[in-house]
Trainee: 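The following block contains the structure, expressed as structure tokens.
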Amino acid sequence: MSAIEVEGLTKAYGELLANDDVTFSVAEGEVFGYLGPNGAGKTTTIRTLLGFQSPTEGSATVLGHDVTDEPELIAAKRRVGYLPASPAFDETVTGREVLDFHESVKGGSRRGDLLDVFDPPLSRPIREYSTGNVQKLGIVQAFMHDPDLVIMDEPTSGLDPLMQREFNEHLRAETERGLTALLSSHVLSEVRRVCDRVGILRAGRLATTERVADLLGRTGKVVRAHVAGAHDPAAFDLPGAHDVTCSTMRGYGDRDADGPVTEVTFTYTGEVDALVERLGAFHFLDLAVEEAPLEDVFMRFYGDDADAVAPDPGSADTADGPDDAVDDRDSRPGSAGGGRDA
Amino acid sequence: MLELAAYEGRHRVRGALVAAAAMGAFALLYVFVYPTFAESLGPQIDQLLEAYPDALAKAFGVQTLASIEGYLASELYTFGWLLIVGLYFAYAAASLVATDIERERMDVLLSLPVSRATVVVEKFASLAVPLAALSVVVPVAVVVGTAAVDYPISATDVVALHLLSVPYLTTCAGIGLVASVLADRASVAQRGAVGLLAGLFFAESLLTDTDFEGLGAVSPSRYVDPNAVLIDGEYALGDTAVLVAATLALVALAVLLFRRKDIE
């Protein structure tokens, strides 16, 4: 059984389709990243899964329960934790009162452990809380009843980098215990660290769902190097190299007496051995081979120049279908600026 | 069950005590003024009533000022209790759902394993706290105060009036609750509920004895009459039943609307 099953989900606000025939599923124990720029419709899907709004068309189940049937939805919610993008609580009450109330309704077997890590000032009223503390309270309430599934909308947006790391470690530990998670984000580096698989949403439509490892494999490596001598891009023209750029300068650092140096960067999606063999012919001043930033991958799904950018990574079958679907949507409001936001 | 009502009710205790103290003090003020008022005017007291503009006398249900019962029925109960406290409950109920939606607190609440009906009904039930506080403090103030100034009033009638006005106040709150579920912003719900209730109140009192009297039938204030209870000792239980039914119908309507609502 899938933890989450979304089938042909459509949500219309008048003419605008916030979700347009979205279909995906999240397996038990999986961490699924729901990606897209702001306004792509991520929150709409999440709100439908939690029963805050009803779908115009299509269906969704959470932990096997139909979310449009209230008794079923309530049964599901007993085992679901939810962390909204900006959690809000009654300003006049203390954090402790909020947690006491939540515990009285859904249980709180993990409350103590969570408060050891995420420690908002519980005896103070929430109006005195910083954004980070409200977010910590939100995390505690989302996990305190030891849910089987957590649904999180931009979970680390309000946290400082240290807390973000704590959160990611917590999430990893929980998923090792068997927790299933769906988290939305427009921060790719975050998703890459914690997710097994991602769905990329663009202007209400799901452009693709893919394993993070596959996504990274398809984008290949970014190669950055300083090479002795003057070279032009043709020198690095090997199969799998894309967007080769070279610029020659007089020297490198304080070694300006050694003659010209060429700075070269390209994206490489071919065999690593072939790359090493070709590079062996050069004299390197430095070399960095890095994972391509997911932002580049993102651009393929969001960018208006999606076709022009896409190198052939050898898995064209999976890439072309969704890309074609995306191109049809280019005239939709909000799609043009999407790539830049991401 | 009732966790939400208990949670919300706890946070109403302080406000309820403040409201009850204010209303109790207001009642005592009215009671303490009466002897001076009655004794200075003596037998001519109801001539003052004739000097009232007719509409004003009607609006506040002034039948007689010659007895403390008539005086309290109009000045304290019709104006202070039915109108002001009625509006207070409509306003408070109008905030119940709409404020949580507006401040985006409803998301966290609805992520709990609770039904939409539970949310509406238990939030509404939390108004029992101010209702109980006001309905205990004010009659005690009235009975004790009137005895203290030596114009004693029937404690039975005062208690009866308060009991009969409970469904009136819950009906006022029911109007607020429906507004709260319909509107997306609390201020809209509050203005709508208060405006509607005040309109109904004045329409009902001003239309009495006119060809449009029938229109007043939709106003909750038609179904509770402080003059009849305090002056004549008449308890119109049929009218009370109408208010009980109206409360249930309004809460049921609010539940129905909230169950169908998209929270955005």
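We name chains A, B, ... by the order of the sequence lines, and we start the count at 1 in each one.
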Trainee: Could you check whether atom CD of A:Glu57 has more than 12 heavy atoms from other residues, nucleotides or ligands sitting under 6.0 Å from it?
Mentor: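 No, not enclosed.
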
Trainee: Using non-hydrogen atoms and a 4.5 Å limit, figure out which bit of A:Arg47 sits close to chain B: side chain, backbone, both or neither.
Mentor: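 It is the side chain, since no backbone atom gets that close.
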
Trainee: Are there more than 12 heavy atoms of other residues, nucleotides or ligands under 6.0 Å from atom OH of B:Tyr91?
Mentor: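 12 or below, so no.
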
Trainee: Let's go through B:Arg259 and A:Glu70 carefully: what are the C-alpha distance in whole Å and the side-chain angles of both, what is the deciding distance for salt bridge (Lys or Arg N to Asp or Glu O under 4.0 Å) to 0.1 Å, and is it a yes or a no?
Mentor: CA-CA 9 Å; B:Arg259 282 172 59 97; A:Glu70 197 180 42; 2.9 Å; yes

Trainee: Rounded at 0.5 Å granularity, tell me how far OG1 in A:Thr43 sits from CD in B:Glu264.
Mentor: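 Interatomic distance, A:Thr43 OG1 to B:Glu264 CD, rounded to 0.5 Å: 12.0 Å.
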
Trainee: For the atom pair CD (B:Glu104) and CZ (A:Phe89), what is the distance rounded to the nearest 0.5 Å?
Mentor: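 Here the interatomic distance stands at 12.5 Å.
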
Trainee: Would you say A:Lys106's side chain and B:Ser111's backbone share a donor-acceptor pair under 3.5 angstrom?
Mentor: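 Absent.
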
Trainee: How many angstroms lie between CG in A:Asp100 and CD in B:Glu3, if you round to the nearest 0.5 Å?
Mentor: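 One gets 12.5 Å once the value is rounded to the nearest 0.5 Å.
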
Trainee: In terms of heavy-atom proximity below 4.5 Å to chain B, should A:Ser104 be classed as side chain, backbone, both, or neither?
Mentor: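 Both the backbone and the side chain of A:Ser104 come within 4.5 Å of chain B.
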
Trainee: Inspect the contact between B:Asp262 and A:Lys11 and indicate whether a charged nitrogen and a carboxylate oxygen are less than 4.0 angstrom apart.
Mentor: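 Yes.
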
Trainee: Tell me, for B:Leu109 versus chain A, whether the close heavy atoms (under 4.5 Å) come from the side chain, the backbone, both or neither.
Mentor: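 Only the side chain of B:Leu109 comes within 4.5 Å of chain A.
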
Trainee: Atom CD in A:Gln141, atom CG in B:Leu112: separation rounded to 0.5 Å?
Mentor: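 If we round to the nearest 0.5 Å, A:Gln141:CD and B:Leu112:CG are 7.5 Å apart.
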
Trainee: Given that the side chain runs from C-beta out, which part of A:Glu97 has a heavy atom under 4.5 Å from chain B: side chain, backbone, both or neither?
Mentor: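 For A:Glu97, heavy atoms of backbone and side chain both lie under 4.5 Å from chain B.
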
Trainee: When you measure from the side chain of B:Arg103 to the backbone of A:Asp90, do you find a donor-acceptor pair of N or O atoms at a distance under 3.5 Å?
Mentor: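 No; judged by distance alone, with no hydrogens or angles, the pair does not exist.
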
